[in-house]
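Heads up, the thing below is written out as structure tokens.
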Amino acid sequence: MSLTLVIKIGTSSLTNPETGNLALSTVALLVEVLSTLRQQGYRVILVSSGAVGVGCTRLQRKERPRDIALKQAIAAVGQGRLMRMYDDLFSILKQPIAQVLLTRRDLQERVSYLNAYDAFQELFDLGVIPIVNENDTVAVDELTRKFGDNDALAALVASLVEADWLFLLTDVDRLYSADPRTDPDAEPIARVRNPAELTDVEVTNNSAWGTGGMSSKISAARIATGSGVRTVITQGKYPNYIHQILEGKPIGTQFDPAPRTLNARKRWIANGLIPTGKILLDPGAVGAICDRGKSLLAVGISGISGRFQASDAIMLCDREGNEVARGIVNYASDELTLIKGHRSDEIEAILGYEGSDTVVHRDNLVLS
Ligand SMILES: Nc1ncnc2c1ncn2[C@@H]1O[C@H](COP(=O)(O)OP(=O)(O)O)[C@@H](O)[C@H]1O
Ligand SMILES: N[C@@H](CCC(=O)OP(=O)(O)O)C(=O)O
């Protein structure tokens, strides 16, 4: 079975920071490396930022716009030019490509999530390299909310297609203990066995053109490694490092993957869904869920936060508010306020109708 690679390149690597023009040699080398990998039998997805940056250059704007509608309009200008450039370069090497524009919502809804999965499989079978970006023109959230950056999108796509590797190409050679541009004592980090080790790492998000900065790459690495995807942060200027990393060279910052224990549906619950509320559990319920793999019952609920409907995604938290699991809830927040702390056989009398015995069934629950 051939290995699946997801490669994400950020605006800061694709464009020259002084002029805003495309970094042509970087892009050309990236196209060559990805085409070679495809010929070697790897299944390859490119997640490319740059629509806003390229659109700004086309419209001769010197600064990244802040206004959402303007940003969306500029992304629409830039995305076409970006794809045209990729198509021209990949065509020279006879490598077919496809444009796949996704929104966070597409990965949140089960049907479109599965449709995206099927489309990627067909594209792989056709020998095509899909080039993914956020559908910025319609996705307001994606441009405003932190979670909507392309690092997160790349991690979600890597989880969706069960990739073996995720490469986050950026304008520094690896992750450091602090921003190497501002802290001369910043120590390089070569290997991360568990992203939880990174609590002391300082990140600054002051990039002129990038969206997420280093913190979004760490969050992306957490999502991807949690789904069993080996993740590397490395320098976009040298795309041929990808070959060397695949050969085992210790380049960049490499994050070990967690064992792949979740099935596809549970990975979607863990990563695709966006929780709309929190349920606080008493210690007995935390033990039942985390240690004994049980469903959540109303009797173990001590509090509810946020407003949500039945079938929404929610976080399950301990008494201190730390997330212990995520899941799809069987009751709305208003109903849970009435039945929390009660036994399942009391629910019908309290609500006046028969509901589910479980608040979150274990099949719809994933430990965090
Ligand atoms: N701890 C850190 N280690 C490495 N780089 C960091 C760190 N904290 C902040 N950075 C900054 O993050 C930048 C990369 O993020 P960003 O500009 O958003 O890239 P991209 O466009 O590739 O997504 C680097 O240029 C670097 O200055
Ligand atoms: N979708 C946007 C990019 C968003 C983004 O995450 O940018 P970056 O931090 O440069 O990877 C665009 O194409 O301009």
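Reckoned from all heavy atoms, side chains included, excluding hydrogens, waters and symmetry mates. Counting convention: from 1, in listed order, for ligands and their atoms alike.
Heavy-atom proximity to Gly10, at under 4.0 Å, picks out these atoms of ligand 1: 20 (P), 21 (O), 22 (O). Applying the 4.0 Å criterion to heavy atoms of Lys8 picks out, from ligand 1, the atoms 23 (O). Near Val203, with a cut-off below 4.0 Å to any heavy atom, the atoms of ligand 1 are 1 (N), 8 (N). Listed by atom number, the atoms of ligand 1 under 4.0 Å from Arg174 heavy atoms are 4 (C). When each atom of ligand 1 is checked for a heavy atom of Thr11 under 4.0 Å away, the hits are 21 (O). Listed by number with element, the atoms of ligand 1 under 4.0 Å from a non-hydrogen atom of Ala178 are 1 (N), 2 (C), 3 (N).
Side chain of Ser112 to main chain of Gln108: no donor-acceptor pair is present (N/O by atom type, distance under 3.5 Å, no hydrogens or angles). Trp268 contributes no side-chain N or O that, together with a main-chain N or O of Leu160, makes up a donor-acceptor pair within less than 3.5 Å.
Of the N and O atoms on the side chains of Thr358 and Ser295, not one donor lies less than 3.5 Å from an acceptor on the other residue. Judged by distance alone, the side chains of Asp106 and Thr103 do bring a donor and an acceptor atom under 3.5 Å apart. Judged purely by distance below 3.5 Å, without hydrogens or angles, the side chains of Arg43 and Thr4 pair a donor atom with an acceptor atom. Donor-acceptor pairing under 3.5 Å is lacking for the side chains of Gln79 and Asp136.
The distance criterion of under 3.5 Å between nitrogen or oxygen atoms is met by Arg181 with respect to ligand 1. Residue Asp149 has no N or O atom closer than 3.5 Å to an N or O atom of ligand 2. For ligand 1, none of its N or O atoms has an N or O atom of Asp151 under 3.5 Å away. Between Thr170 and ligand 1, a contact under 3.5 Å exists for at least one N or O pair. Between Ala51 and ligand 2, a contact under 3.5 Å exists for at least one N or O pair. Backbone and side-chain nitrogen or oxygen atoms of Gly10 are examined, and none is located within less than 3.5 angstrom of a nitrogen or oxygen of ligand 2. Not one N or O of Ile9 is nearer than 3.5 Å to an N or O of ligand 2, by distance alone. Considering backbone and side-chain N/O of Asn150, one or more are found under 3.5 Å from N/O of ligand 2. Residue contacts with ligand 2: Ser49 is placed with a nitrogen or oxygen under 3.5 Å of a nitrogen or oxygen of the ligand (distance criterion only).
For the pair Phe120 and Val157, the minimum side-chain heavy-atom distance is below 4.5 Å. Counting heavy atoms from C-beta outward, Thr170 and Asp151 have side chains that stay 4.5 Å or more apart. Looking at heavy atoms from C-beta onward, Trp165 lies out of side-chain contact with Ile242 at the 4.5 angstrom threshold. Between Asp87 and Gln99 the shortest side-chain heavy-atom distance does not fall below 4.5 Å. Side-chain contact between Val359 and Val329: present, with at least one pair of heavy atoms (C-beta onward) separated by less than 4.5 Å. With a 4.5 Å cut-off on side-chain heavy atoms, Leu198 and Ile189 count as touching.
If you look at Val172 next to ligand 1, the close heavy atoms, those under 4.0 Å, all belong to the side chain. Residue-level proximity to ligand 2 for Asp136 is carried by the side chain, the only part with a heavy atom below 4.0 angstrom. Heavy atoms of Asn133 found under 4.0 angstrom from ligand 2 belong exclusively to the side chain. When non-hydrogen atoms are compared, ligand 1 lies under 4.0 Å from neither the backbone nor the side chain of Gln235. Contact annotation for Lys8 and ligand 2: only side-chain heavy atoms (C-beta onward) come within less than 4.0 Å of the ligand. Under 4.0 angstrom from ligand 1, the non-hydrogen atoms of Lys217 all belong to its side chain.
Relative to atom 4 (C) of ligand 1, the option among Ala186, Pro180, Ser49, Gly53 with the closest non-hydrogen atom is Pro180. Nearest to atom 25 (O) of ligand 1 by heavy atom, out of Thr253, Thr182, Ile9, Asp171, is Asp171. The option with the heavy atom closest to atom 20 (P) of ligand 1, from among Ser12, Ser13, Ser215, Ser177, is Ser12.
Taking CD1 of Ile129 as the reference point, atom CZ of Phe124 lies at 10.0 Å (rounded to 0.5 Å).
The closest approach between a heavy atom of Ala75 and any atom of ligand 2 is not below 4.0 Å. Residue-ligand proximity: Leu169 is placed with a non-hydrogen atom under 4.0 Å from ligand 1.
Sparse packing is recorded around CZ of Arg307, with 12 or fewer heavy atoms of other residues, nucleotides or ligands lying under 6.0 Å away. In the displayed structure, Lys294 atom NZ is contacted under 6.0 Å by at most 12 heavy atoms of other residues, nucleotides or ligands.
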